[in-house]
Amino acid sequence: MKKVYCAKDPLMIGHLRNVLLTFGIQCVTKNHDLGSAAGELPPIDCWPELWVVEDEKSTRAKAILKKTLAPLASVKKPWLCRGCGENIEGQFSECWKCGRDRSGKTPGRVLRLVPSAARNR
Ligand SMILES: [Zn+2]
């Protein structure tokens with residue numbers, strides 16, 4: 001057996017398992033139920049894992065996973081805030097500085113992490 005993927009989200013692992021199964025690749029999940037038992041943020045070694053039963057299919061499985069995850073990966077790209085020009089890391093959906101979201105909409109709530117006096121210096 002070969003491990004092909006691990007993720008914090010058990011739902012994601014379950015989804016990817018289904019994807020591989022539709023391609024005729026037998027796979028099993030590990031740690032699938034430990035996540036919730038370990039609390040809100042399980043340590044990385046408790047993350048749910050996806051294992052391919054037949055080693056020789058792991059390369060194909062990885063290729064399929066890569067294709068399946070590609071649209072998600074592009075969402076995680078860093079983006080430039082249209083409100084203040086700050087470079088925001090991909091995992092954030094809104095600007096930490098001015099609170100605008102990725103599409104540049106006016107913030108519903110403003111995050112004032114930087115005092116305005118410090119910003120004008
Ligand atoms: Zn901003």
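Both backbone and side-chain heavy atoms feed into the values below; hydrogens, waters and symmetry mates do not. Atoms within a ligand are numbered from 1 in the order they appear, just like the ligands themselves. This structure is a prediction, so every number in the text was calculated from the model and none was measured.
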Tabulate below the donor-acceptor pairs under 3.5 Å that side-chain atoms of residues 58-67 make, not counting sequence neighbours, or state none.
unit_1	atom_1	unit_2	atom_2	d
Ser58	OG	Asp55	O	2.9

| Residue that, paired with Val19, satisfies side chain to side chain contact (heavy atoms under 4.5 Å, CB included) out of Leu69, Leu50, Ile25, Thr68 | Thr68

| message | If we ignore hydrogens and angles and just use 3.5 Å, is the side chain of Arg102 paired with the main-chain N or O of Cys95 as donor and acceptor? | response | no

| task | Please answer whether the main-chain N or O of Ser93 pairs with a side-chain N or O of Trp79 as donor and acceptor at a distance below 3.5 Å. | result | no

| field | Minimum side-chain heavy-atom gap Val4-Trp51 below 4.5 Å | value | no

| request: Evaluate the side-chain proximity of Glu86 to Trp96: yes if any heavy-atom separation is below 4.5 Å, no if none is. | output: yes

| Sum of protein N, O or S atoms, each under 2.8 Å from the Zn ion (ligand 1) | 4

